[in-house]
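Data block below; observations after.
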Amino acid sequence: MPPIFALVDCNNFYASCERVFNPKLDGKPIVVLSNNDGCVVARSNEAKALGIAMGVPEFQIRPLLRAHQVQVFSSNYTLYGDMSQRVMETLEQFCPDLEIYSIDEAFLSLSGFTSRNFTKYGRTIRTTVKRWTGLPVSVGIAETKTLAKIANRVAKRTPDTNGVFDLLACPDRDALLGRVPIEDVWGIGRNLIRLLNQHGIMTALQLREADDQWIRKHLGIVGLRLVMELRGISCLDLEECPAPKQSLTCSRAFGQLISTLVDMEEAVSSYTSRVAEKLRHERLAATVVTVCLTTNEFKEGPQYSNTLTLKLPIATDSTSDLIKSALQGIRTIYREGYRYKKAGVTLTGLVSASQAQADLFDSQDRRKSQRLMSALDAVNDRWGAGTLHYASSGIHKAWKTQFQHRSPAYTTDWTALPIVTA
DNA sequence: TCTGGGGTCCTAGGACCC
DNA sequence: TCTGGGGTCCTAGGACCC
């Protein structure tokens, strides 16, 4: 049975989430900012129309934001994560063969469908998601994931598609692909655009017709796979069970620059707590800890950045163990005399927590540590992140991330429920 | 004053071994 | 004075994604 994929993608996901609980925002330009209210990471259509680019620093467009009364939000990942789950649960009702590809998009397998009227089916999905979650989605359908991505782009940008486009039913595919610039092809980034354009390849159609040998040489095996997908030969399967994670990171820019080891230790300790929580949530244990720190590359002044990797004597998911190693690492690479912008902690060498190999000579009481971690996670889950935290994370928190424009956690906090007035 | 965070995969090159 | 070839493992760096 030849594969058929539908890609369902939420339109302007973060901006749309903000709008669901605040209908006054309908028709108004909205932007959502990254951590520390740094860059624009999501824009409503109205904001896009004002020429606000993805990733632009907020301070550079402040006059424009003010002039057009753009509604500005800090990112509210609790809200977006919960809304994402609602969308995915809705999609599962339509098609159990589902790959959650990112927070705002999922691939569905339509291979077994007897009806060939995929457009109609896509419309039903779209209408239902809108009704059940309040979020607008677009649906692209084709015989490979790469082509489904392109179909989705067409659905988003062409109003008369009504948000659904089936490439299989498209009478003139070549003409359509000839209008898609390569920068809109999934897997073609900044550097490959330059390379391909230099060789006269400007459109998805030209890329599809490119010479295999040349592609293999310059774009590698990944590029060749991509070209095959454009030709309608499916190389990327639906992955319903996500592969176990290979790494977990918590890295963040500080709310303000820091220049003491004490502040750095607090930040790293706090980031380690966070990544350790993720680790336990995934039921994994780590054998390698990597810490890094860096100054602000955008600023004048002495620059320094460094990374250090430490192997742990035993796989662990204990926050205490991980903080101990991370602090040892950060003390090693920390240098006086710099103003630091960012630090991070990465865990790798991940193994299943239940299979973590015990150390014969390990003197600690592992079970006690496990009970402590369970209690810690339970309290923070019930009463909010950071309710219980390690003293090494500090109280002062000069490094704390800033969110000046955060909306309420409408769906996950009883005190933030939206209030309906008659 | 103000420039995000969290991932994956592939490749090249060095160390080491037989 | 000669200095092959193949395999594995590891790391760093580069590419991409959202």
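The chains referred to below are lettered A, B, ... by the order of the sequence lines, with proteins before strands, and numbering in each begins at 1.
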Legend entry - Near-ring test Y14(A)/F73(A), centroid separation under 6.0 angstrom: no
Legend entry - Reported OG1-to-CH2 distance for the pair T144(A) and W186(A), which is rounded to 0.5 angstrom: 9.0 Å
Legend entry - More than 12 heavy atoms from other groups under 6.0 Å of CD on Q69(A): no
Inset, instruction - Evaluate the ring planes of H199(A) and H218(A), with Trp represented by its six-membered ring, and classify them as parallel (under 30°), tilted (30 to 60°) or perpendicular (over 60°). - result: tilted
Legend entry - Contact nearer the 5' end of DNA chain B, comparing N36(A) with F59(A): F59(A)
Inset, instruction - Kindly say whether S305(A) contributes a backbone atom to a donor-acceptor pair with the side chain of T294(A) at under 3.5 angstrom? - result: no
Inset, instruction - Tell me what E105(A) touches on the nucleic acid: a base, only sugar-phosphate, or nothing, going by heavy atoms under 4.0 Å. - result: sugar-phosphate
Inset, instruction - Look at the rings of F107(A) and Y101(A) and say which category their plane angle falls in: under 30° parallel, 30 to 60° tilted, over 60° perpendicular. - result: perpendicular
Inset, instruction - Output yes when R339(A) and E297(A) qualify as a salt bridge under the 4.0 Å nitrogen-oxygen rule, no when they do not. - result: no
Inset, instruction - Classify the nucleic acid contact of L219(A) as base, sugar-phosphate or nothing, counting any heavy atom under 4.0 Å across all strands shown. - result: nothing
Legend entry - Paired and unpaired positions of DNA chain B as dot-bracket, Watson-Crick or G-U wobble under 3.5 Å, | denoting a partner strand: ....||||||||||||||
Inset, instruction - Look at all strands and tell whether R252(A) reaches a base, only sugar-phosphate, or nothing, counting heavy atoms closer than 4.0 Å. - result: sugar-phosphate
Inset, instruction - Give me the first and last nucleotide of DNA chain C, going 5' to 3', that has any atom under 4.0 Å from a heavy atom of chain A. - result: dT11(C) to dC18(C)
Inset, instruction - Remember a base hit wins even if backbone is also touched, and classify D104(A) as base, sugar-phosphate or nothing at under 4.0 Å, heavy atoms. - result: sugar-phosphate
Inset, instruction - Have a look at K311(A) and say if it touches a base, only the backbone sugar-phosphate, or nothing, with a 4.0 Å heavy-atom cut-off. - result: sugar-phosphate
Legend entry - Passing candidate, ring pair (Phe, Tyr, Trp, His ring centres under 6.0 Å) with F113(A), options Y121(A), F94(A), F5(A): Y121(A)
Inset, instruction - Run the salt-bridge test on R208(A) and E229(A) with the 4.0 Å N-O cut-off and return the result as yes or no. - result: no
Legend entry - dC18(C) versus dC2(B) - spacing of their C1' atoms, nearest Å: 25 Å
Inset, instruction - May I ask you to say what L192(A) touches in the nucleic acid, namely base, sugar-phosphate or nothing, with a heavy-atom cut-off under 4.0 Å? - result: sugar-phosphate
Inset, instruction - Check every strand shown and say whether S247(A) touches a base, only sugar-phosphate, or nothing at a heavy-atom separation below 4.0 Å. - result: sugar-phosphate
Inset, instruction - Determine the contact category for I188(A): base if any of its heavy atoms lies under 4.0 Å from a base atom, sugar-phosphate if only primed atoms, P, OP1 or OP2 are that close, otherwise nothing. - result: sugar-phosphate
Legend entry - Sugar-phosphate only, base, or nothing, as touched by Q246(A) at under 4.0 Å among non-hydrogen atoms: sugar-phosphate
Inset, instruction - For G38(A) and for K245(A), locate the closest nucleotide of DNA chain B by heavy-atom distance; then report the residue assigned to the nucleotide nearer the 5' terminus. - result: G38(A)
